[in-house]
Amino acid sequence: MSEKDKLPAAEPNPALEWAKLWQAMAESSNRMVEAWSGSMAPFMLARLSEKPAGFGDGNELSAAIERMAQGPRLADVWDIDRKMALAFGAWIEMRQRLASYNAVAAAPWTEASKRFLETMSAIGTGATPPPDWREAFAKWSEISNEELIRNQRTDGFLQAQKELLQAGLQLRSRQDDVAEAASMMFGLPTRKDFDDVTKQLTELRREVRALSRQMRDQKTEGAL
């Protein structure tokens with residue numbers, strides 16, 4: 001037997017294996033980014049150049065993305081590309097609804113500050129000494145609570161809150177679609193798969209409990 005045969009086989013280098021894995025993942029991510037940029041990025045940049053102010057007024061951009069993504073599905077268009085476009089449109093809609101909600105929710109604080117300053121100014125002009133910080137804080141709490149309650153009972157606040165909640169649910173649904181498409185692309189279990197497994201496990205546990213009760217009842221009847 002030669003000296004080379006006596007030498008043990010070289011053990012795999014974990015660091016080298018991790019480096020190869022990260023390189024493969026990076027190359028895969030780059031391919032996805034290139035495909036996304038080649039199809040969606042030019043459209044979005046063109047829409048933003050038409051409206052440099054951004055997404056503030058209306059939902060024109062999100063509506064345009066929705067119409068484009070819901071259009072005819074060509075053979076050379078990825079399904080995940082369409083779902084990412086819908087998720088992007090839902091995110092824009094969420095930003096708009098959040099801005100509208102913040103504007104409505106900030107209105108009572110402005111009114112409360114105005115009333116508080118007027119109240120403090122009226123107290124300071126009289127012969128009575130100015131209130132200490134405890135009295136001032138109590139007055140501020142009273143005024144702000146009144147304005148907040150009044151604002152939360154208005155139709156504008158309820159409508160803004162409703163639209164924000166609907167936009168948030170829509171965004172979450174679009175994100176779930178993207179996650180499911182990505183999982184299917186890479187051969188990973190989707191949420192539907194986990195839901196099916198959970199349902200089967202729940203049914204199996206129910207059957208096992210029913211069988212255990214049946215066996216216990218039979219033993220009890222046999223003992224009698």
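For this chain, numbers begin at 1 and follow the sequence in order. Source: prediction; values computed, not measured.
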How far does CG of D177 sit from CZ of R82, to the nearest 0.5 angstrom?
-> 8.0 Å

Applying side chain to side chain contact (heavy atoms under 4.5 Å, CB included) to A136 and not counting sequence neighbours gives F116, M120

Is there a donor-acceptor contact under 3.5 Å from the side chain of D193 to the main chain of P189?
-> no

Quick one: side chain to side chain contact (heavy atoms under 4.5 Å, CB included) partners of S100, sequence neighbours excluded?
-> none

Please list every donor-acceptor pair under 3.5 Å in which a side-chain atom of residues 197-207 meets a protein atom from a residue at least two apart or in another chain.
from : atom 1 : to   : atom 2 : distance (Å)
T198 : OG1    : F194 : O      : 2.8
T202 : OG1    : T198 : O      : 2.8

Nearest 0.5 Å please: distance from the CD atom of Q175 over to the CD atom of Q170.
-> 11.0 Å

Could you grab the distance from atom OG of S113 to atom CZ of R115, nearest 0.5 Å is fine?
-> 11.0 Å

Other hydrophobic cluster members with F137, side-chain heavy atoms of Ile/Leu/Val/Met/Phe/Trp/Tyr under 4.5 Å, chained?
-> none

Looking at CG of L86 and CH2 of W91, how far apart are the two atoms once the value is rounded to the nearest 0.5 Å?
-> 15.5 Å

Could you grab the distance from atom CE of M94 to atom OH of Y101, nearest 0.5 Å is fine?
-> 11.0 Å

With sequence neighbours excluded, what pairs up with S183 under the side chain to side chain contact (heavy atoms under 4.5 Å, CB included) test?
-> L188, T190

Kindly list each side-chain donor-acceptor pair under 3.5 angstrom involving residues 148-169, sequence neighbours excluded, with atom names and distances?
from : atom 1 : to   : atom 2 : distance (Å)
R150 : NH1    : E147 : OE1    : 3.1
R150 : NH1    : E147 : OE2    : 2.9
T154 : OG1    : N151 : O      : 2.5
T154 : OG1    : F157 : N      : 3.4
Q159 : NE2    : E163 : OE2    : 3.0
E163 : OE1    : R97  : NH1    : 3.2

Which distance, rounded to the nearest 0.5 Å, do you find between the CG of L171 and the CG of D176?
-> 9.5 Å

Apart from M215 itself, what residues make up its hydrophobic cluster, given side-chain heavy atom links below 4.5 Å?
-> L211

Sequence neighbours left out, what pairs pass salt bridge (charged side-chain N to carboxylate O under 4.0 Å, His left out) with at least one residue falling in residues 129-145?
-> K139-E142

Excluding sequence neighbours, so at least two apart, what forms side chain to side chain contact (heavy atoms under 4.5 Å, CB included) with D196?
-> K192

